[in-house]
Structures are given as C-alpha cells and as structure tokens.
Amino acid sequence: MGSIKVEQIKKSFGQKEILKGIDVDIPDGSFAILLGPSGCGKSTLLRMIAGLEEPTSGSIFINDQDITYSEPKDRDIGMVFQNYALYPHMTVFKNIEYGLKIKKIDKSKRLNMVNKVIEMVELTEHANKRPGELSGGQRQRVALARAIVKRPHAFLMDEPLSNLDAKLRNQMRQELIELQKELQTTFLYVTHDQIEAMSMGSYIIIMNNGHIMQKGTPKEIYTNPANLFVAQFIGSPPTNILSYGDYSIGIRPENMSMKEDGHNVNADYILTGAVVSTEHLGGESIYCLTTDWGKVFVKGESTWQTPNKESQIAFSKKDVLVFDKKGERVRDVDLIENLLAEMQVSNHRREAVVL
Amino acid sequence: MSEVKRIIVSEQEKKVTEQKSRRAARSLIKWKPYLFLLPAILLLGVWMYKPLLSTFVLAFQKWSMVPGTEPITVGLDNFIRLFQTKDFIHSIENTIFYTIGILPFSIIIPMLLAVATNGLNGRVKNVYRAMFFIPMILAPVTVGAIWRWLFHPANGLVNLTLQKLGITDGNISFFTDPVYAKWLILFMTGWGLIGFSTIIFSAALTNINRDYFEAAALDGATKWKQLLTITIPLLSPTILFMLTMSILFSSQFTFAYIDILTAGGPFGSSTNIYYEMYKYGFNNLNAGLSSAAATLFFIVFAIIAIGLNLLTKKFAFYDN
C-alpha cells in the first residue's frame, strides 16, 4: 500500500509547457482518477509517477519517499498501459512471470504466485496462449495480472478500458472496483471519460491545460464545481450555461424541469424557451430548448409526450451555480440574487417570465 | 418462300457468330491473367531458367566454347575432376569461411548499431544512416581500388601508419599474403554490408512498440535484458531474413573484391566457389567444369535455403 504525493511538478517538451505546477496528494488505498480532456497532461503526469518520463522540476513521493529521479523498477508500482503492452512473443503465463523472473524470485514460489493471479483474473485455461490469441477483455486481464503479481505499492492505469467495447467496459469497470477493494491498494487511473471517473473513483483530480482544475470526491466535484470548466466537463448532458454579461449561470439539466411535468412545486425560477428537440431514452427524456441566454438541456422523467413548442422550465435557487469572467465560481449570495433579479427572472415563485 | 428461308438462315448465322464472339470473349477472360504474366515469364525463361537448364546439361559435357566446336557428353567426369582440383577444395573451405565470417557484419554489428542509434532523432539520425549506407551504394570496383591503395605494400597508408606507430618493421604485402588476403576481403565485404543491414534493422526496430520496453523497464529489466528478452525475439523475422540473405549471397558479395584485389590468390588462398566457377568458364574456357561447380553450388545452396526457410517458419515471430 502506498500514498502518492506530487509537488509542484512542471514538465516542458521543448518550448511547450505541458504541466504547469501540479500538486496532488493521493491518500493510501484510494481509487484516484486523473480526469481531463486529451492533451491536458494527465498521461504525462502518470508517466512521470511511473518513472517513464522525467519532470522538468518538482518532486514525486511514494510512501513519503522521494522517487523523483529513481528508476521505474525501484518505485514498486504496477502499470497497466492503454494498449496493454503485453509481450507479444510470450504466453500469458510468461508475460505475468517476466517481472518475477527478473527479480530472481525462486521458481516454485514464482509459479505459485503466477498461478494464483491467473486464477484471480480467471485466465487459467488461457495461460499458455499468446496475447494475439486473446480477446480485448482477456488481454486487459493479463495486463492487470502482470501488474498485480508484483504486489506493488500502487497501480497506475493509463486509460486501460479505452480499447474495449461499451458492454465490456461496463463489466471491467465493476471488476476494477471490486479488485481495488480486494487489494486495498492505491489506484491512480487516467481517463478522459467522466462517467468512468464518476463511477469508479473515490477521489477525482480534474486537469485541463496542464493545471489542476479541482480535486475532491465525486460528490464534491459534481455538486460543488470550483469553476466553469469542471461544471461543464462533468455531467451528461453538461451543465447548462446561460451567459449574462460578465457572468455565466450554470444549472444542471436534471435540476431543471419542464413546467408541464408538474414536478416543480418547489421551483424558485421559471424560464421560457422554445423546444428544439426531444429525446426519449426510456427511463428519462432529454429536452433541448433555446432561450434568450443560450441553449438549455432539461432532463426529466420520460413522459413519451412531445412538449409544447413554447415551454417553461423551472429550477430552484439552490441549484444555481454562478461563474465569473475567468470561469471561477462566485459564491457571494447577494451577488447571485442580484444577478438573477437583473436577468428579470422573477424571484417570486411560479411567476412566468416571458422572454 | 425462298425469301423466308434466306431470312431464317441469316438469323441462324447471326446467332452462330454471336455465340462465337461470346465464346472468344470468355476464353480471353480465361487467358487474360496469363497474358499479363507472359512478359515476366518470357524474361525469366530466357535469362534464368534456360541458362539454368543449360548449366545442368553442360555439367555432364565437355566444351571449350570455341565457335565451331560441339559439346561432348562425358558423364560424371567434370565432377570427378572438380574434386581432384586443389583450388576447388580450397574454394569450398573459403566459401564456408566467408559465409560464416560475414555473419557478424550482416547481423550482430548492424543489430547492435541499430539498437544503439534507435533513440536518435531528426537530422542526427539521417546523418548516421547516410554514413552507414554509403559503402553499400559505392561500386565494389571503386571501393576495391581505394582499399588497394590504402593497403598498398610499398606506399599504402596502412603500412605507413603501422610503421609510424612502431607495430611493424617492414612493409606487409597484404594482398599477396595468404593469411591477410582472406581476412581483408572478408572485412571489406562486411564493411560494405554493415550499412545496408543497419538500415534494415533500424526499420524493423521502429516497428516495435516502445510500450514493451517501458513495461519491461517497470518489470525491472535492464537495457541488456530488454535486448535479450524483447528486442531480439521481436527482431527474429529480420534476423532470419538477414541470415538467409547473408548465407546465400556472401559468395556473390565477395566475388568483386576477390577479382579486383587478389584474383583468388595467392595460391588459391582467397578464392571462393563463385570465383572458381568464373575462372573455369571464362579464363580456362572449360564450360563443363564451370557448370559442374555451378550445379553443385546450386544443389547445396538450395538445401541451405530450404533449411533456412523452415527455420524462419519455426522461429520467426511476427507481432501484428
């Protein structure tokens, strides 16, 4: 088991600065997710923790030991690569055994360890096959097994599920969660998929453009986004943003409802918009409307009915997120209220504002 | 009535011609692929297969290639004479020497060079590739002439340097010394081959996913261990390809240098089977003896080629 700590890490490739001073503190035993759009530097950060890349400046600690410039092998970590990186000329068994063999662990102990892990990932009958003969999901398990067998302080995973189809991905997600619980080891998992992050992580670090945008539990990140980027990046459909002057007003689609639904008895505000499209997904429906301040998605229970062209949307004060010009969250209650009043969205309940 | 008959007949004729043209079209489609192959088959036939067959026939005949003379069938005489010729026995020994001796230059050194320079990027990579490749594209005759000057017994740079450094007292006649001649020819052929092989190995190396090495580094494998356990197995198709090439062509590669620098001498100490064949045929005008040597060469190397092919099938690992 191990904690991972990153202090003021900077990394440049030539003139281009990829990481601009990153601080991360991942507690021991957590399932941490590095989340961000492609090119944000998350994989680079992971590779630096693995020792495959050297930082331009800053320090990295595993279990409070400075390993910034240690060899990858001396960091005691297991890594799962995006393309698995299984040695194609070795069997499943040999692939898993390779690291132990190099560590010169004696044969009987080695066989025992490998067999145990192969059993754990349910690949016993495929032990003598080469990676080329396995399916994507099976290769994924081999890659995991190869990391597990070393019993590392921490696991680093670089988008390990991105090559799998949707169904398998869901299944593997569950298996990874169970695995982490079973091993009780720190996982650091890189992904650009916010659903993956929300469903698996116990601690999420959101990155963009070489900066950390927010760190916290999935709940904190979802309900209390620190900035416009996080609000928009997390959630599907993303948070609705209404532009008003220097401010952006955000409300999550599921925190809005179509007035006709009758689920909005507690709504503080009502907004009028024109329905552009309706998606009935079975369990829920997503409506897209245009308002004077921008496009809005509303997520509600499925009624299987097409709403009126001109519809009213209701939402509560507590669900309103306000961001300033720089995209930072505004928490000044008075300012928010003034803003909403200014927008002529009435503060009085159920009074429609015809836009 | 006759008018009607005439019409019927002409209709029938029309049908027949239609059928004929359809049949012709169908047979054209059937023969089309072979028509496309014909030029290649003709060229191969005239320049490869016909001479090959003639060689097999000539191996059992005696003929001096003098216009007006006819080949006489002599049975196995040519083969018997071959094995009684001292130079021929020498040439077999040397062929083996060159074939084995060339392997470090075609496989081991290029592979290590390719691995060592694999990390280079951009212009540096191009410069080093050009440096290694130039010997390959220089004409062997030119290269031979340059090496001959370098190793000239009286005023060559090598002799001068050796003496200046106090390693030797007098001049060494490299190309007329039975020990040096053979090694120098081997060295020159190898020198020319290193560049080509390095390029082939470099290309093969760039096809290996770097993730494997990173995974191995995390597993604790040193660079040397990575070379042994990952690079070499994944280079196996290239290694076997170069092994095949180098075994089958080493006699050809050394030929030009033997001809230019030593003419097989001194006392047949640097000759190879290829050069002997050439000598029998075009110096001694003994087509039969030359053909017998060529036939033997063909059979032995065909067996080696089949063996290498089997080896490749068994050991080459292709990473897709």
Charged tip of Lys182(B) within 45° of Phe97(B) ring normal and under 6.0 Å: yes
Atom group of Ser236(B) that falls short of 4.5 Å from chain A, counting heavy atoms: neither
Chain A contact via Leu234(B) - side chain, backbone, both or neither, heavy atoms under 4.5 Å: side chain
Which atoms of Arg75(A) approach chain B - backbone, side chain, both or neither, heavy atom under 4.5 Å: neither
Cation-pi check, Lys32(B) onto Tyr34(B) ring (under 6.0 Å, within 45° of axis): no
Geometric cation-pi criterion, Arg146(A) with Phe81(A): 6.0 Å, 45°: no
Parallel, tilted or perpendicular, as decided by the 30° and 60° cut-offs, for the rings of Phe155(A) and Phe187(A): tilted
Part of Leu100(A) within contact of chain B (heavy atom distance under 4.5 Å): neither
